[in-house]
Amino acid sequence: MSISATEVRFDDATMWVSLTDGRILGVPLAWFPRLLAAAPADLQRYELSPTGIHWAGLDEDISVAGLLAGRGDQTRPVSMAAE
């Protein structure tokens with residue numbers, strides 16, 4: 001069975017993701033710095049796919065599998081030593 005997101009909503013500190021199997025995941029926005037810094041209107045401009053959630057305007061993609069595994073943002077900041 002493939003589990004996907006059906007709805008996304010936010011409060012001040014949490015992203016709430018409803019899933020096709022009836023669960024609702026509460027994920028700290030601190031896990032996703034782009035979402036944490038985004039304006040409320042930008043957070044509402046998401047697209048659902050069979051595998052995750054996409055915010056084109058925020059350049060953010062979050063997989064449902066990653067959320068279920070407890071993973072946050074997987075990008076790495078650029079090292080200052082490389083400059």
Side-chain angles (χ1 to χ4, degrees):
M1 176 169 107
S2 178
I3 299 168
S4 59
T6 59
E7 178 186 18
V8 181
R9 56 190 171 79
F10 299 88
D11 63 27
D12 290 340
T14 308
M15 173 173 65
W16 299 94
V17 181
S18 298
L19 302 176
T20 53
D21 67 358
R23 287 182 284 178
I24 299 173
L25 300 178
V27 183
L29 283 176
W31 285 13
F32 301 99
R34 287 184 204 111
L35 299 183
L36 183 62
D42 291 331
L43 292 175
Q44 298 306 315
R45 293 187 187 104
Y46 64 86
E47 297 173 20
L48 299 177
S49 73
T51 59
I53 312 159
H54 173 69
W55 288 263
L58 300 175
D59 191 29
E60 183 71 76
D61 292 285
I62 299 174
S63 73
V64 170
L67 292 175
L68 290 170
R71 289 191 305 265
D73 189 349
Q74 297 294 298
T75 59
R76 302 285 185 253
V78 177
S79 170
M80 297 301 279
E83 294 179 359

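For the single chain, residues carry numbers from 1 onward in sequence order. Only this structure's heavy atoms are used, side chains among them; waters, hydrogens and symmetry mates stay out.
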Judged by atom type as modelled, is there a donor-acceptor pair below 3.5 Å linking the side chain of T14 to the main-chain atoms of W16?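 No, the answer is negative, given that no donor and acceptor are paired below the 3.5 Å cut-off.
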Do T6 side-chain atoms and S18 backbone N/O form a donor-acceptor pair below 3.5 Å?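 Yes, because the side chain of T6 sits within donor-acceptor range (under 3.5 Å) of the backbone of S18.
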Nearest-0.5 Å distance that lies between atom [atom1] in [X] and atom [atom2] in [Y]:
X: I3; Y: D21; atom1: CD1; atom2: CG; answer: 4.0 Å
X: I62; Y: L35; atom1: CD1; atom2: CG; answer: 4.5 Å
X: R9; Y: Q44; atom1: CZ; atom2: CD; answer: 11.0 Å
X: R45; Y: W55; atom1: CZ; atom2: CH2; answer: 13.5 Å
X: L36; Y: F10; atom1: CG; atom2: CZ; answer: 11.0 Å
X: L58; Y: F32; atom1: CG; atom2: CZ; answer: 12.5 Å

Heavy-atom pair of closest approach, residues [X] and [Y]:
X: P50; Y: S2; result: O-OG, 4.4 Å
X: S49; Y: S4; result: O-CB, 4.2 Å
X: A5; Y: L48; result: O-CD1, 3.6 Å

Can you find a pair of side-chain heavy atoms, one from L68 and one from L25, that are under 4.5 Å apart?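 A side-chain contact exists here, since the closest heavy-atom pair is under 4.5 Å.
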Can you check side-chain contact (heavy atoms from CB on, under 4.5 Å) on I24 and L19, steps first, answer last? CA-CA 6 Å; I24 299 173; L19 302 176; over 6 Å; no
Evaluation steps, side-chain contact (heavy atoms from CB on, under 4.5 Å), between H54 and Y46: CA-CA 5 Å; H54 173 69; Y46 64 86; over 6 Å; no
side-chain contact (heavy atoms from CB on, under 4.5 Å), that's the test. Do V17 and L67 meet it? Break it down for me. CA-CA 9 Å; V17 181; L67 292 175; 4.0 Å; yes
According to side chain to side chain donor-acceptor pair (under 3.5 Å), who are the partners of R34, at least two apart in sequence or on a separate chain?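 R34 satisfies side chain to side chain donor-acceptor pair (under 3.5 Å) with E60 once adjacent residues are dropped.
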